[in-house]
J.: 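Once you've had a glance at the structure underneath, I'll fire off some questions.
We're numbering straight along the sequence, starting at 1.
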Amino acid sequence: MPALPPRLAVFDMDGTLIDSLPDLAACACRLLHHYGLPPITPDTLRPMIGDGVGVLVRRLLAHAGDAARGIDPDDAVGRYMADYTPHSTDLSHPFTGTRATLSSLKGAGWKLAVCTNKPVAAARHILRVMKLDPWFDAVGGGDSFAVRKPDPRHLLGTIEMAGGVPGRAIMVVDHRNDIAAATGAHVRGIFARWGYGAPEMEAGATAGADSISEIPHIARDLLPD
């Protein structure tokens with residue numbers, strides 16, 4: 001009997017592996033200050049996260065209202081990325097229990113991957129600085145393919161990069177875009193209740209978890225070896 005493909009756990013990044021809200025908010029405030037606009041609080045920024053940098057910056061400008069009407073969104077996106085990349089690990093950190101969870105999954109024979117709408121260079125930089133990169137077999141960023149989440153091909157491409165198959169994969173996520181990608185790719189989705197997504201975004205997930213420390217147990221239940 002042929003051996004089964006390896007089990008693969010795919011993680012979203014912001015709000016799932018890493019609490020990146022502090023740096024995202026600090027960068028947003030610096031951008032708004034550059035344009036003479038009022039700052040934004042982390043709690044106000046939180047629901048804007050999850051659709052990539054371009055959408056985040058456009059939401060910031062929309063939130064600023066008429067005062068931002070004459071600002072070129074493309075210029076603002078470029079400024080945000082130029083500022084965020086070197087400061088993306090100033091205040092951010094892995095969620096409590098992340099390293100133990102990754103170690104537990106690896107010890108049980110799982111392959112691991114990241115699938116994020118963040119540009120891949122920025123994602124790899126953050127993983128490297130936080131010393132998380134050795135655990136991951138693949139990183140699929142928002143610019144790694146011609147599409148990105150919620151398009152399931154972003155997830156499918158990441159799974160292929162990691163040497164996995166959809167039927168033997170799970171995805172740990174905190175946003176409706178991730179759930180949509182997992183559903184479209186026929187991958188089991190675990191909703192990260194500790195993340196940035198509103199509770200109603202859990203709809204459509206295969207399971208939910210209150211902390212990242214629960215993931216090895218839930219993953220084993222969903223995909224017994």
J.: Which pair of non-hydrogen atoms, one from Pro166 and one from Leu156, has the smallest distance, and what is that distance?
T.: CG-CD2, 3.5 Å
J.: I'd like to know whether NE2 of His33 has more than 12 heavy-atom contacts from other residues, nucleotides or ligands below 6.0 angstrom.
T.: no
J.: Would you please test Arg193 and Glu202 for side chain to side chain contact (heavy atoms under 4.5 Å, CB included) and show each step?
T.: CA-CA 8 Å; Arg193 296 175 185 143; Glu202 187 172 341; 2.9 Å; yes
J.: Using a 4.5 Å cut-off on heavy atoms from C-beta on, say whether the side chain of Leu112 contacts that of Leu8.
T.: no
J.: Decide yes or no for Val173 and Ile190: does some side-chain heavy atom of the first lie under 4.5 Å from some side-chain heavy atom of the second?
T.: no
J.: Let me check something: do Ile170 and Trp135 share a hydrophobic cluster, defined by ILVMFWY side-chain heavy atoms less than 4.5 Å apart, either directly or through other members?
T.: yes
J.: Ignoring hydrogens and angles, tell me if any N or O in the side chain of Thr44 forms a donor-acceptor pair with the backbone of Ile40 under 3.5 Å.
T.: no
J.: Output yes when Asp51 and Arg176 qualify as a salt bridge under the 4.0 Å nitrogen-oxygen rule, no when they do not.
T.: no
J.: Would a single hydrophobic cluster contain both Val147 and Met161, if residues Ile, Leu, Val, Met, Phe, Trp and Tyr are joined by side-chain heavy-atom contacts under 4.5 Å?
T.: no
J.: What pair of heavy atoms forms the shortest contact from Ala209 to Glu214, and how long is it?
T.: CA-OE1, 3.5 Å
J.: With no hydrogens and no angle check, is any side-chain donor or acceptor of Arg168 less than 3.5 Å from a backbone partner on Pro5?
T.: yes
J.: Scan side-chain atoms only and decide if Arg220 and His217 contain a donor-acceptor pair under the 3.5 Å cut-off.
T.: yes
J.: Okay, side chain of Tyr35, backbone of Leu61: is any donor-acceptor separation there less than 3.5 Å?
T.: no
J.: Begin from the C-alpha positions of Leu127 and Val139 and carry the test side chain to side chain contact (heavy atoms under 4.5 Å, CB included) through to its verdict.
T.: CA-CA 10 Å; Leu127 293 172; Val139 178; 3.8 Å; yes
J.: For the CZ atom on Arg153, are there more than 12 heavy atoms of other groups (residues, nucleotides or ligands in this structure) within a distance under 6.0 Å?
T.: no
J.: Can any side-chain N or O of Arg46 pair as donor or acceptor with the backbone N or O of Pro42 at less than 3.5 Å?
T.: no
J.: Pick one: which of Lys118, His175, Lys149 meets side chain to side chain donor-acceptor pair (under 3.5 Å) with Asp12?
T.: Lys149
J.: Tell me the closest heavy-atom pair linking Gly167 and Leu223, and the distance in Å.
T.: O-CD2, 3.7 Å
J.: Parallel, tilted or perpendicular: which fits the ring planes of Phe95 and His93, with parallel below 30° and perpendicular above 60°?
T.: perpendicular
J.: I'd like to know if the side chain of Asp133 reaches the main chain of Arg124, judged simply by a donor and an acceptor atom lying under 3.5 Å from each other, with no hydrogens or angles considered.
T.: no
J.: Quick one: does His125's side chain get under 4.5 Å of Val120's, heavy atoms only?
T.: no
J.: Donor-acceptor pair, distance only, cut-off 3.5 Å: does the side chain of Thr101 make one with the backbone of Gly97?
T.: yes
J.: Any side-chain heavy atom of Asp151 within less than 4.5 Å of one from Phe145?
T.: no
J.: Any chance you could measure Ile49, atom CD1, to Asp14, atom CG, to the nearest 0.5 Å?
T.: 6.5 Å
J.: Is the closest side-chain heavy-atom distance between Trp110 and Pro6 below 4.5 Å?
T.: no
J.: Measuring from atom CD1 of Ile212 to atom OG1 of Thr96, what distance do you get when rounded to the nearest 0.5 angstrom?
T.: 10.0 Å
J.: Say whether, by atom type as modelled, one donor and one acceptor occur between the side chain of Arg188 and the main chain of Ala182 under 3.5 angstrom.
T.: no
J.: Within the structure provided, determine whether Leu102 and Leu17 are in side-chain contact (heavy-atom separation under 4.5 Å).
T.: yes
J.: Are any side-chain N or O atoms of Ser144 and backbone N or O atoms of Gly141, one a donor and one an acceptor, separated by less than 3.5 Å?
T.: yes
J.: Do Thr89 and Ser92 have side-chain N/O donor and acceptor atoms under 3.5 Å apart?
T.: no
J.: Return the CZ to OG1 distance between Phe11 and Thr16, rounded to the nearest 0.5 Å.
T.: 9.0 Å
J.: Do you know which two heavy atoms are closest between Met81 and Pro119, and how far apart they sit?
T.: CE-CG, 3.9 Å
J.: Looking just at side-chain N and O atoms, do Tyr196 and Asp19 make a donor-acceptor pair shorter than 3.5 Å?
T.: yes
J.: I want to check something: taking the side chain as every heavy atom from C-beta on, are Ile71 and Leu37 in contact at a cut-off of under 4.5 Å?
T.: yes
J.: I'd like to check Leu56 versus Tyr80 (side-chain heavy atoms, cut-off strictly below 4.5 Å). Are they in contact?
T.: yes
J.: Set out, in order, the CA-CA distance, both residues' side-chain angles and the distance that settles side chain to side chain contact (heavy atoms under 4.5 Å, CB included) for Met201 and Ile179, then state yes or no.
T.: CA-CA 8 Å; Met201 291 189 185; Ile179 297 295; 5.8 Å; no
J.: Is there a path from Val57 to Tyr84 through hydrophobic residues (I, L, V, M, F, W, Y) whose side chains come within less than 4.5 Å of each other?
T.: yes
J.: Calculate, to the nearest 0.5 Å, the distance between atoms CG and CG belonging to Leu31 and Leu60 respectively.
T.: 6.5 Å
J.: Check Leu132 against Arg99 and note the closest heavy-atom contact, atom names and distance.
T.: CD2-CG, 3.8 Å
J.: Under 3.5 Å, is there a donor-acceptor pair between the side chain of His154 and the main chain of Gly140?
T.: yes
J.: Would you name the heavy atoms of Ile218 and Gly208 that are closest together and state the gap between them?
T.: CD1-O, 3.6 Å
J.: With distance as the sole criterion, is a donor-acceptor pair present between the side chains of Asp23 and Ser88 under 3.5 Å?
T.: no
J.: Please determine if Arg79 and Asp83 form a salt bridge, counting it only when a charged side-chain N lies under 4.0 Å from a carboxylate O.
T.: no
J.: Kindly work out whether a path of hydrophobic side-chain contacts (I/L/V/M/F/W/Y, heavy atoms less than 4.5 Å apart) joins Val10 to Phe136.
T.: no
J.: For residues Leu155 and Met13: do they belong to one hydrophobic cluster (side chain heavy atoms under 4.5 Å, members Ile, Leu, Val, Met, Phe, Trp, Tyr)?
T.: no
J.: Can any side-chain N or O of Asn117 pair as donor or acceptor with the backbone N or O of Gly142 at less than 3.5 Å?
T.: no
J.: What's the spacing between Ser20 OG and Leu91 CG if we round to 0.5 Å?
T.: 11.0 Å
